[in-house]
Novice: 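Sending over a structure as structure tokens; questions will come in a sec.
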Amino acid sequence: MIAKPNAMSLFSKFAIDPIPVVSFRQRFAESLCRLLNTRRTYGDFLPDFGVADLSDIPDGQALRACLAREISEVLTHYEHRFTPLAVEAEQAPSGFRFRVDGRFLSHSPREPVASHLVTFWLTHDTSRGFAAAKA
């Protein structure tokens, strides 16, 4: 059977909305935010999973430095596709903004192992937690 050039595929006939195209970097940042928004004592399955309780640290420089250190430690321990090189923090209107520089390791058929330098941004609102910045 020869397919007609303008024929619609079976699955596209039943599609309600097109699947949004999201970059790998954006999906990675959102996944990291879910990890960073998990408190370390959340479950017994991995006692060191997530971020330590930082509620006793006063706001300001100390909290910003602790959050940057936690981001780096979580990336090093739980995300083997990414190697953090630097985590820098700056003050934002409702909390903090973090610039994360590092290397992604990609495994593709064209490049068996390739390392790519990337930068992504995370925001931390004191009332809502971490979110991936759409930069």
Side-chain angles (χ1 to χ4, degrees):
M1 176 189 241
I2 299 173
K4 297 177 186 175
N6 294 329
M8 186 181 280
S9 73
L10 176 64
F11 294 112
S12 61
K13 289 179 183 179
F14 298 108
I16 296 171
D17 291 324
I19 298 171
V21 178
V22 180
S23 71
F24 174 77
R25 187 183 312 176
Q26 187 66 29
R27 284 183 307 187
F28 176 82
E30 289 169 359
S31 175
L32 177 62
C33 288
R34 283 191 290 277
L35 174 64
L36 292 172
N37 286 325
T38 303
R39 202 166 276 200
R40 191 164 283 159
T41 59
Y42 175 70
D44 294 334
F45 56 95
L46 289 172
D48 59 342
F49 183 80
V51 177
D53 184 14
L54 303 174
S55 59
D56 58 338
I57 298 175
D59 291 339
Q61 294 282 19
L63 180 60
R64 188 167 52 188
C66 286
L67 285 171
R69 187 177 62 247
E70 287 286 327
I71 291 171
S72 182
E73 288 175 4
V74 164
L75 279 168
T76 301
H77 195 262
Y78 285 104
E79 189 52 67
H80 301 288
R81 298 173 294 174
F82 186 79
T83 303
L85 300 176
V87 178
E88 297 176 7
E90 60 186 43
Q91 191 71 36
S94 62
F96 303 113
R97 186 174 174 194
F98 296 92
R99 176 184 169 157
V100 181
D101 297 323
R103 290 186 180 275
F104 273 118
L105 291 176
S106 68
H107 300 277
S108 69
R110 292 185 210 132
E111 305 172 85
V113 176
S115 178
H116 305 281
L117 285 171
V118 294
T119 298
F120 62 91
W121 292 88
L122 299 172
T123 58
H124 181 267
D125 185 345
T126 53
S127 62
R128 287 181 272 170
F130 284 94
K134 310 269 194 257

Novice: Could you grab the distance from atom CD of Gln91 to atom CD of Gln61, nearest 0.5 Å is fine?
Specialist: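 If we round to the nearest 0.5 Å, Gln91:CD and Gln61:CD are 8.5 Å apart.
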Novice: Heavy atoms, side chains only, cut-off 4.5 Å: are Val74 and Leu32 in contact?
Specialist: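 Yes. Closest side-chain heavy atoms under 4.5 Å.
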Novice: To check you understand the geometry: which heavy-atom pair defines the closest contact between Ser72 and Pro84, and what is its length?
Specialist: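 Answer, listing the atom of Ser72 first, then Pro84: O-CG, 3.9 Å.
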Novice: Hey, is the main chain of Phe130 close enough, under 3.5 Å, to the side chain of Asn37 for a donor-acceptor pair?
Specialist: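 A pair under 3.5 Å: yes.
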Novice: Could you name each residue pair satisfying salt bridge (charged side-chain N to carboxylate O under 4.0 Å, His left out) that touches residues 119-129, not counting sequence neighbours?
Specialist: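 For residues 119-129: Asp125-Arg128.
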Novice: Answer whether the closest heavy-atom distance between the side chains of Val100 and Phe82 falls below 4.5 Å.
Specialist: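 Contact flag for Val100/Phe82 side chains = yes.
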Novice: Would you give the length of the straight line joining atom CG of Leu85 to atom CG of Leu117, rounded to the nearest 0.5 angstrom?
Specialist: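 If I round to the nearest 0.5 Å, the distance is 6.5 Å.
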Novice: Distance check, rounded to the nearest 0.5 Å: Glu90 atom CD versus Arg99 atom CZ?
Specialist: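 So the gap between those two atoms works out to 9.5 Å.
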Novice: Would you say that Phe96 contacts Leu122 through its side chain, given a criterion of any heavy-atom pair below 4.5 Å between the two side chains?
Specialist: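 They are not in contact (no side-chain heavy atoms under 4.5 Å apart), so the answer is no.
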Novice: For the atom pair NE2 (His124) and CD (Glu70), what is the distance rounded to the nearest 0.5 Å?
Specialist: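 Going from NE2 on His124 over to CD on Glu70, the span is 10.5 Å.
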Novice: Set out, in order, the CA-CA distance, both residues' side-chain angles and the distance that settles side chain to side chain contact (heavy atoms under 4.5 Å, CB included) for Cys33 and Glu30, then state yes or no.
Specialist: CA-CA 5 Å; Cys33 288; Glu30 289 169 359; 5.6 Å; no
Novice: Quick check for you: to the nearest 0.5 Å, what is the distance between Phe98 atom CZ and Ile71 atom CD1?
Specialist: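 CD1 of Ile71 is found 4.5 Å from CZ of Phe98.
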Novice: Test of understanding: with salt bridge (Lys or Arg N to Asp or Glu O under 4.0 Å), list the residues that count as partners of Glu79, not counting sequence neighbours.
Specialist: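 In terms of salt bridge (Lys or Arg N to Asp or Glu O under 4.0 Å), with neighbours along the sequence ignored, Glu79 is linked to Arg81.
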Novice: Taking salt bridge (Lys or Arg N to Asp or Glu O under 4.0 Å) as the definition, give me every residue that meets it alongside Arg34, ordered by chain and number, with sequence neighbours left out.
Specialist: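 Applying salt bridge (Lys or Arg N to Asp or Glu O under 4.0 Å) to Arg34 gives none.
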